[in-house]
Structures are given as structure tokens and as C-alpha cells.
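A short worksheet on the structure shown next.
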Protein chains: 2
Amino acid sequence: METRQRTDQQRSADYRRRELLEAADRVVLRDGPGASMNAIAAEAGITKPILYRHFGDKGGLYAALAQRHTDALLASLRAALDAPADRRERVESTLDAYLAAIEARPQVYRFLMHPAEGGSQSEQGFDTGRHSIPLLRRMGEELAQVVEERVDLGPDSHRLARVWGHGIVGMMHAAGDWWLGEQPCSRAELVRSLADLLWGRLAAAGNRAGGPGF
Amino acid sequence: METRQRTDQQRSADYRRRELLEAADRVVLRDGPGASMNAIAAEAGITKPILYRHFGDKGGLYAALAQRHTDALLASLRAALDAPADRRERVESTLDAYLAAIEARPQVYRFLMHPAEGGSQSEQGFDTGRHSIPLLRRMGEELAQVVEERVDLGPDSHRLARVWGHGIVGMMHAAGDWWLGEQPCSRAELVRSLADLLWGRLAAAGNRAGGPGF
DNA sequence: CACTTTGGTTACCGCAAGTAACATGCTGGC
DNA sequence: GCCAGCATGTTACTTGCGGTAACCAAAGTG
């Protein structure tokens, strides 16, 4: 039967694809984002052209690889965002979810965000930019949507929510990146500090004695 | 005289270096960050090994190139940060300075921040990551310093200022990047929205009717 | 048995980073 | 005036990557 056969083939192709992605994952996590297609193919026990048959080009592989992690991360953020609690708590748990994720698997994080620095040698880099930014964008849009649909921002709420979504995500990202690199404090402290910032503590704080004020 | 000669040579070397950087600048701005060393050398009217003698490797050239722009940007931010006005105004004018800079020369901006996507073809990319992030870090540290020295944050002010510095810079960066790509509103609107966010409007806003609250 | 399809390989191209070895011209000391 | 030395520049190479073409074999189907 022809359709049955098609299905089998399809399933098998998908299976192979998943195997390849897992191999790629292992290599990228081991060698950093500078991992070469050759290395990935070798890890998967095959040779380059097969990879290209499956993913088109390196960007394709990267995209497929990134999407798995991205989806997982977004899911956990969504969960935190949708928890039944007040706004401050939700914000904190979302920040915490993000930071926990990048703390738990820094290699994955670095791969997703800064694809091109990890490799020990030639730094040919992955396709970068074109894919790392989309993750931030996706998170920003996602957050914007949640904000817009839950917070009353008056007229112009669409634009405002968007700006805030991307802004908050950027804040989280940059602070997280810095924190991950220098481990200057506990995760909880970081979460609290960021939430305080979003809660207007910068505006509320007084000027330091002796200066013209910030 | 020997020292005199040294000086002459030194001056001449510095001059050459500047010429090379200017040529590199032109090429990068024209061809995007994927510009090859060959192309840069050609633009400068010389050949590759000379570039390598001056800058070591591609990363070195990148670093030198980036520093010029970075320094200029930081100077303008510092000016805004130090203007005699109240805190809110300073924050707004700093945001505005940053956004104005990236709006005025998006090519430079993309080169500094996302070095590896602009090239029209092969996307070999510049050295990326290792250099683009430092700019954000520098801005974050700089801001942290200003905050710490001007705002009274009670005990733990060092840590808090740092977190906020990097967080605010990240917010500015991500929002700016998104805004630059989609031009969804005027610069002034964006500045206002971000300042509002920092001023705690997210915490102050009410819940939207019909939802469990954000 | 020929015959297409599917999953595989080897061997290659093009190109960019980076280097080695060679050429040339200006310096100053003898 | 002539040779040593050094900066400046060149050509020609190596290596390693992304990507592709062409070939190969096994397995089901008329």
C-alpha cells in the first residue's frame, strides 16, 4: 500500500531527524557553538551531506536546534506568567524561571544567545545574529501580549505593552548575562533587585548626599 | 638622533593605523560586518599581511574599530547622564541619546551589536560575541557607577546599582533594537514609554477587566 | 531481471583566516 | 660611499570551513 509506506518513511525520516538533532546537541554542548558540521556529522555517525539533506544549511540546523530549546524555555516562562498569584509574584517567578534556566544549562544559553564565541579555536561561528535575536524578539512579543491582555494601560496600550515587553525582556537578558558571568549574588537577590527596579524604586530613591542628584 | 627617529616612526605608524581603521570603517559600513580582511586591505590599498601586522588578527581589528565608536557613544551618554536636570529628565535624555545614536547610524550600530548578520552573502561573520557584548557590559558598568554614586540606595547599594545598571542598559538595548527594526513609533514616544516603565507604571497600573490580573 | 527510490559515501570547489618567505627602500654608523 | 638593519610591502602558500556533485549500494516492485 502506498500511503502506508509514505507514512512509514515519514516517521522514519522524522526519527532520523531527531537523532541528528540530539547528536548536534551533544556536540554543541561539548564543543561550544563553534562546532563544525563535520564534527556533528561524525558524532551522529554519518557524513556531512546527510546533514545538509536534512537541514539545508547550517542555519537550518541551527534553527531547528534552537527551536527545541526556545520552545522549552518559552513554555516554562509562560507557566510562570500564568500562575495564580499577584502581579509582583508573577513577575518575580518569571524572572526566576528565566534565570534558573540559564543557570541550569549555561552552555545551551550561550549557544542560543551568543552563538559564535564558545569555540576554542577558529571562531567561524554559527550563523548567529539572525537566530539569536529572534529568541529575544519572541520572548518580547510573548511578554507584550501577556501585558497587553492583562494590564490596563489606557489608550495606546498596544504600543506601550510592546515597548515594555521588549524592554523587560532585554533587562532580564542583559542582567542575566552579566550575572551568569560574574556570579555576583544569589539568584533570589537578583530577582528581587530587578523586580524592585520595575517597581519604580529608582524613581522613589533619594539623592545621595553630596551630588547634584542622578 | 635615535629617540627622535623612534618618535617619527611611531607617529607614522599611528597614522597608518588610523588610515587603516578608516578604510576598514568604510568597508564595514558598505559591506556589512561580513567584510573580509582581503576587502579591507584592498580598500586601504594594501594587502592582508599588513593588516595582520597592525592588528594581530581579525578580532584585533574589530576591537580597534569598535572602540572608536564605542568611545564616542559612551561620551555622548555620559554627557546626557551628567546634564544638570532632575533624575527623570536625565534618564530620558540618556535614553534619547542612545536611541538617537543608533537611529543616526544604524550600520554602525548593527556592526557593533550584531556583528555577523549584515553581510549579503556568506556570513562568515566577524569575531562577534566576544566584542559585541563588551559594549553592553561597558555601558552597564558605567551606568551602574553613576547610579551608585548619585542615588541613595541604602545598604547593598553596590550590588543594587550594578544590577540596575546592566538591567537598564539591557532594556534600552533590546527596546532600541526592536524599535529600530520595526519603527513602530517616534523616538520621543519610545523614550517616554521606557521612562514610564522605569518609573513604576507597571506596578501602578490596574488590572484589565476580565482577567485574573497580570 | 531491469528499475526506481532511499540513505549513504568520497572527493571536490570556493573562500576566508592566517602565515612564511621573499623583496625593497630608507635609516644611520663606519 | 657602502654595508647592516629595520620597517614596509608583496606573493604564494596552508589549513579548515561550508556547501555540493557525482557516484554507490541495498531493497522493494513491475
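Hydrogens, waters and symmetry mates play no part in the numbers below; they use all other heavy atoms, side chains included. Letters A, B, ... mirror the listed sequences (proteins, then strands); counts begin at 1.
- Remark: P of C:dG7 and CG of A:Leu51 are 14 Å apart, rounded to the nearest angstrom.
- Rounded to whole Å, atom P of D:dG18 lies 16 Å from atom CD1 of A:Ile50.
- Side-chain proximity of A:Lys58 to D:dT10, C:dG18, D:dG19: nearest is D:dG19.
- What separates CD1 of B:Ile40 from P of C:dA16 is a distance of 12 Å, to the nearest Å.
- Residues B:Phe111 and B:Tyr62 bring their aromatic ring centres within 6.0 Å.
- Along DNA chain D, the nucleotide closest to B:Pro49 and the one closest to A:Gly56 are compared, and the more 5′ of them pairs with B:Pro49.
- A donor-acceptor distance shorter than 3.5 angstrom exists from the side chain of A:Arg87 to the backbone of B:Leu202, with no hydrogens or angles considered.
- Atom CG of A:Leu20 is separated from atom P of C:dG7 by 11 Å (rounded to the nearest Å).
- Between B:Asn38 atom CG and D:dT11 atom C1' there is a gap of 12 Å when expressed in whole angstrom units.
- A:His54 has its NE2 atom 8 Å from the C1' atom of C:dG7, to the nearest Å.
- In this structure, B:Ile46 reaches the sugar-phosphate backbone alone: every heavy-atom distance under 4.0 Å involves primed, P, OP1 or OP2 atoms, never a base.
- The closest donor-acceptor contact from the side chain of B:Arg68 to the backbone of B:Glu22 lies at 3.5 Å or more, if one exists at all.
- Here the nucleotide nearest the side chain of B:Asp57, chosen from C:dG18, D:dG18, C:dT9, is C:dG18.
- A donor-acceptor pair shorter than 3.5 Å cannot be found between the side chains of B:Thr70 and B:Arg138.
- Within 4.0 Å (heavy atoms only), A:Ser36 reaches sugar-phosphate atoms of the nucleic acid but no base atom.
- At whole-Å resolution of the value, CE in A:Met37 and P in C:dC15 are 19 Å apart.
- Checking D:dG9, C:dA17, D:dC17 against the side-chain heavy atoms of B:Lys48 singles out C:dA17 as nearest.
- Phosphate proximity of D:dT10 to B:Thr47: present, with a side-chain N or O under 4.0 Å from OP1 or OP2.
- Considering only the side chain of B:Tyr52, C:dA17 comes nearest among C:dA17, D:dT11, D:dG18.
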#### Entry: Test side-chain hydrogen bond (donor to acceptor under 3.5 Å, both in side chains) applied to B:His166 and B:Arg162, step by step
CA-CA 6 Å; B:His166 290 284; B:Arg162 225 123 232 112; 5.6 Å; no
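- At the phosphate of C:dT6, neither OP1 nor OP2 sits under 4.0 Å from any side-chain N or O atom of A:Arg16.
- A donor N or O paired with an acceptor N or O is not found under 3.5 Å between the base of D:dG19 and the side-chain atoms of A:Arg53.
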